[in-house]
Amino acid sequence: MTPLRWIVAIVALLRIAELLYARGNTRRLLARGGAEIAREQYPWFVALHAAWLLSLLVFIPADTSPNWYLLGVFALAQVARVWIIATLGNFWTTRVITLPGAPLVRHGPYRLLRHPNYLIVCIEIATLPLAFGAWSIALFFSLANGGLVAWRIRVEDAALDPRR
């Protein structure tokens, strides 16, 4: 198997693991009285990420040599993602869930940025295709993701503002 296929397979497996972890957290938060906000956003994010990964396999020749520096940037983004997930713990989900009365997380990467996960996702969506010379995939999905993330941040901030 080529580096491209190995990397896409690993990223897909990591995303599936994250979705399973997020699903469990979502169930627990809802059972504790949490509420999902802007449920209609979720399928758009799932479709975008699935199409992004699929586009790497469809539009990049399998034997393309990677730029190892950019793959290193992508790998560092994965470390940051783990830090974010570990910091949020049971509050980390892939949906916007608000639990009334729960304190906002203000440590770890959240002491530095209000929405660190979205920054990491932007870095990932750009750097992985760029690591294989696919600037058009990086540009298209970065713009699409930027629009979705802007919408998500507006919704998330409105949901969390009463607890600030």
Side-chain angles (χ1 to χ4, degrees), residues 3-26 29 36-62 64 66-88 91-98 104-105 108-161:
L4 173 67
R5 296 208 173 151
W6 271 109
I7 291 165
V8 170
I10 290 167
V11 171
L13 289 173
L14 289 171
R15 292 299 188 270
I16 290 167
E18 289 173 16
L19 289 173
L20 293 173
Y21 179 63
R23 184 187 313 170
N25 285 345
T26 297
L29 288 168
E36 182 174 358
I37 311 298
R39 182 177 300 184
E40 70 277 5
Q41 289 182 340
Y42 193 69
W44 290 101
F45 278 96
V46 172
L48 178 97
H49 285 262
W52 171 69
L53 281 175
L54 186 61
S55 74
L56 299 174
L57 295 175
V58 170
F59 297 112
I60 299 173
T64 301
N67 175 317
W68 294 103
Y69 171 76
L70 288 174
L71 281 181
V73 171
F74 184 81
L76 287 174
Q78 302 318 293
V79 172
R81 175 188 285 286
V82 169
W83 184 30
I84 290 162
I85 293 170
T87 299
L88 287 177
F91 292 104
W92 188 80
T93 70
T94 52
R95 298 172 182 265
V96 179
I97 308 291
T98 184
L104 293 179
V105 173
Y110 291 88
R111 75 179 185 276
L112 306 170
L113 295 169
R114 201 167 183 173
H115 300 283
N117 191 61
Y118 302 136
L119 173 62
I120 295 304
V121 171
C122 290
I123 291 168
E124 292 170 339
I125 284 179
T127 57
L128 190 55
L130 288 174
F132 290 94
W135 65 268
S136 58
I137 293 173
L139 179 62
F140 175 81
F141 283 98
S142 290
L143 291 173
N145 182 63
L148 283 178
V149 166
W151 180 27
R152 170 67 66 96
I153 287 173
R154 282 193 307 276
V155 165
E156 196 171 292
D157 283 346
L160 296 177
D161 275 346

Practice problem: Check the angle between the aromatic planes of Trp52 and Phe74 and answer parallel, tilted or perpendicular using the 30° and 60° thresholds. | Solution: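 Trp52 vs Phe74 ring planes: tilted.
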
- How far apart are the C-alpha atoms of Tyr110 and Thr87, what are their side-chain angles, what is the distance that settles it, and do they pass the side-chain contact (heavy atoms from CB on, under 4.5 Å) test? CA-CA 8 Å; Tyr110 291 88; Thr87 299; 4.0 Å; yes

Would you say the side chain of [Y] lies within less than 4.5 Å of the side chain of [X], judging by non-hydrogen atoms?
X: Arg81; Y: Val121; result: yes
X: Tyr42; Y: Val96; result: no
X: Glu156; Y: Ile37; result: no

Which atom names give the shortest non-hydrogen contact between [X] and [Y], and what distance separates them?
X: Pro66; Y: Phe132; value: CB-CE2, 3.5 Å
X: Ser142; Y: Ile125; value: N-CG2, 3.7 Å
X: Phe45; Y: Val149; value: CZ-N, 4.1 Å
X: Ala77; Y: Ile123; value: CB-CG2, 4.1 Å
X: Pro129; Y: Ala138; value: CB-N, 3.8 Å
X: Ala22; Y: Thr93; value: CB-CA, 3.9 Å

- Message: Please evaluate residues Ile153 and Arg114 with respect to the criterion side-chain contact (heavy atoms from CB on, under 4.5 Å), reporting the C-alpha separation (whole Å), side-chain torsions for both, the decisive distance (0.1 Å), and the verdict.
- Response: CA-CA 10 Å; Ile153 287 173; Arg114 201 167 183 173; over 6 Å; no

With rounding to the nearest 0.5 Å, note down the distance linking [atom1] in [X] to [atom2] in [Y].
X: Leu119; Y: Glu124; atom1: CG; atom2: CD; value: 10.0 Å
X: Leu88; Y: Asn25; atom1: CG; atom2: CG; value: 9.5 Å
X: Leu57; Y: Leu4; atom1: CG; atom2: CG; value: 6.0 Å
X: Thr127; Y: Tyr69; atom1: OG1; atom2: OH; value: 10.5 Å
X: Ile84; Y: Ile120; atom1: CD1; atom2: CD1; value: 5.0 Å
X: Phe141; Y: Cys122; atom1: CZ; atom2: SG; value: 14.0 Å

Margin query: Checking Leu128 against Leu71 for the side-chain contact (heavy atoms from CB on, under 4.5 Å) test, could you report, in this order, the C-alpha distance in whole Å, the side-chain angles of both residues, the deciding distance, and whether it holds?
Written below: CA-CA 7 Å; Leu128 190 55; Leu71 281 181; 3.8 Å; yes

**Message:** Are there over 12 heavy-atom neighbours, none belonging to Trp44, within less than 6.0 Å of that residue's CH2?
**Reply:**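 No.
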
Cation over ring face, Arg152 and Tyr118, 6.0 Å, 45°: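 No, Arg152 and Tyr118 do not form such a contact.
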
**Message:** Test side-chain contact (heavy atoms from CB on, under 4.5 Å) on Trp92 and Thr94; report intermediate values, then the result.
**Reply:** CA-CA 7 Å; Trp92 188 80; Thr94 52; 3.8 Å; yes

